[in-house]
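Sequential numbering from 1 along the given sequence is applied to the chain's residues. In what follows, every heavy atom counts, from backbone to side chain, and hydrogens, waters and symmetry copies are set aside.
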Amino acid sequence: MPDTATQEQSNTVNRGGFQIFRTADAPSLDETAHMDMADMTPELEAGIGVALEAGFAEGNVVKTLFSQPGFSLTYAWFKSGFPLPLHTHDVDCLYYVVAGSLQLGTETLRAGDGFFVGANKAYRYTPGPEGAEVLEFRGQEDFDIRFLAKTVPAWQKIASAVADRCPDWANETPPSAAQA
C-alpha cells in the first residue's frame, strides 16, 4: 500500500489526462532509457570513452520532463562551446531555445527561436558563449541517437574541444538563471 505522500503526489500529478511535471524532479535522459545508441561498434564505443574521459558529460544536462507513448519532452542545457557531435535521431524533433544562444549552420538562434529536424536528418549545433537551454519535443517516447563520428580520431578531436572548454564549465550556470 503506497504511503500518503506518494498517494497525494499521484493524485495531483495525474487526474484524468492532466499531468504536472517539474524540472527539479525530472530524471536524466539516461535514467529513463528513452534514447538508445544506434549502430554501436567497438571503435565508436572507444571514441565515446575518450570524450567522456575528457569531461564530455560535464558539458551538458539532459532531463526527461515528460514522456508517454507517442510523445516526449526533454530539457537540455549545453554549456558554452559544447561540441555536440554530428548525429541523427530516428524520429522528428522540434527544438525551442529557452535561454542562451546556439549556432546552427550560418544561423544564430536565441531565446524564443527554434528549429525542426526531420527523422534521420544529420545535424549539430554549437552553444553560444553563455550556453544554450533548449526544449526538445518529439512525437515518440523512445528514440535513438546515431553518431556520425565513428572513428577514435574523430572522437579524439571532440575530446580535445571538451578538454579546452571543461575548466570553464565548472563555474557555468544555466543562461535562464541570469534572466531570473
Find out whether [X] and [Y] are in side-chain contact, i.e. whether some heavy atom of one side chain is under 4.5 Å from a heavy atom of the other.
X	Y	answer
Tyr95	Cys93	yes
Pro129	Ser101	yes
Asp36	Asp142	no
Val97	Leu102	yes
Asp90	Gln140	no
Leu135	Leu73	yes

Hey, do the aromatic rings of Phe116 and Tyr96 have their centres closer than 6.0 Å?
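Ring centroids of Phe116 and Tyr96 are no less than 6.0 Å from each other.
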
Is the Phe143-His34 ring centre distance short of 6.0 angstrom?
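That pair fails the under 6.0 Å test.
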
For [X] versus [Y], what's the shortest heavy-atom pair and its separation?
X	Y	result
Pro127	Ala132	CB-N, 3.9 Å
Leu65	Thr23	CD2-OG1, 3.7 Å
Asp144	Met35	C-CG, 4.1 Å
Ser176	Ala99	N-CB, 3.5 Å
Ala51	Val162	O-CG1, 4.3 Å

Considering only NZ, NE, NH1 and NH2 on the basic side and carboxylate oxygens on the acidic side, decide whether Arg165 and Asp168 come within less than 4.0 Å.
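Salt bridge between Arg165 and Asp168, a charged N being under 4.0 Å from a carboxylate O: yes.
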
Any carboxylate oxygen within less than 4.0 angstrom of a Lys/Arg side-chain nitrogen, looking at Lys79 and Glu133?
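Answer for the salt bridge query: no.
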
Do [X] and [Y] share a hydrophobic cluster (ILVMFWY, side-chain heavy atoms under 4.5 Å, transitive)?
X	Y	answer
Leu44	Leu52	yes
Val62	Ile48	yes
Trp77	Phe137	yes
Tyr123	Ile158	yes
Val152	Leu86	no

Drop me the distance from [X]'s [atom1] to [Y]'s [atom2], to the nearest 0.5 angstrom.
X	Y	atom1	atom2	result
Leu148	Thr88	CG	OG1	5.5 Å
Arg138	Asp92	CZ	CG	10.5 Å
Lys63	Asp30	NZ	CG	13.0 Å
Thr126	Leu104	OG1	CG	9.0 Å
Glu136	His89	CD	NE2	6.0 Å
Phe78	Leu84	CZ	CG	5.0 Å

Does any donor atom in the side chain of Thr32 or Thr64 lie under 3.5 Å from an acceptor atom in the other side chain?
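Checked: Thr32/Thr64 side chains pair up, N/O donor to acceptor below 3.5 Å.
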
Pair Gln103, Thr108: side-chain N/O donor-acceptor within cut-off below 3.5 Å
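Judged by distance alone, the side chains do pair up.
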
When you look at NZ of Lys121, are more than 12 heavy atoms from neighbouring residues, nucleotides or ligands closer to it than 6.0 Å?
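Atom NZ in Lys121 is not crowded, with 12 or fewer foreign heavy atoms closer than 6.0 Å.
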
Working note: Tyr125 + Phe115, criterion ring-ring contact (aromatic ring centres under 6.0 Å, His included); need CA distance, chi angles, decisive distance, verdict.
CA-CA 11 Å; Tyr125 55 85; Phe115 60 99; 5.7 Å; yes

Phe21 vs Gln19, test: side chain to side chain contact (heavy atoms under 4.5 Å, CB included). Steps then yes/no.
CA-CA 7 Å; Phe21 58 87; Gln19 294 183 337; over 6 Å; no

Using atom types as modelled and distance alone, determine if a side-chain donor or acceptor of Asp25 lies under 3.5 Å from a backbone N or O of Arg22.
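Not at all, since once roles are kept as given, no pair shorter than 3.5 Å links the two residues.
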
Show me the pairs that pass side chain to side chain donor-acceptor pair (under 3.5 Å) and involve residues 43-62, at least two apart or across chains.
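Output for this query is empty, none listed.
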
Taking ring pair (Phe, Tyr, Trp, His ring centres under 6.0 Å) as the test, write out the residues that go with Phe147, two or more places apart.
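Phe147 satisfies ring pair (Phe, Tyr, Trp, His ring centres under 6.0 Å) with Trp155 once adjacent residues are dropped.
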
Taking only residues two or more places apart in sequence, or in another chain, which ones meet Tyr75 in a ring pair (Phe, Tyr, Trp, His ring centres under 6.0 Å)?
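Here no residue qualifies.
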
Can you check side chain to side chain donor-acceptor pair (under 3.5 Å) on Ser67 and Glu141, steps first, answer last?
CA-CA 6 Å; Ser67 68; Glu141 181 175 31; 3.2 Å; yes

Apply the test side chain to side chain donor-acceptor pair (under 3.5 Å) to residues Glu130 and Ser80: give CA-CA distance (whole Å), side-chain angles for both, the deciding distance (0.1 Å), then the verdict.
CA-CA 5 Å; Glu130 67 285 356; Ser80 64; over 6 Å; no

ring-ring contact (aromatic ring centres under 6.0 Å, His included) between Phe56 and Phe82: does it pass, once the steps are laid out?
CA-CA 8 Å; Phe56 190 80; Phe82 180 79; 4.8 Å; yes

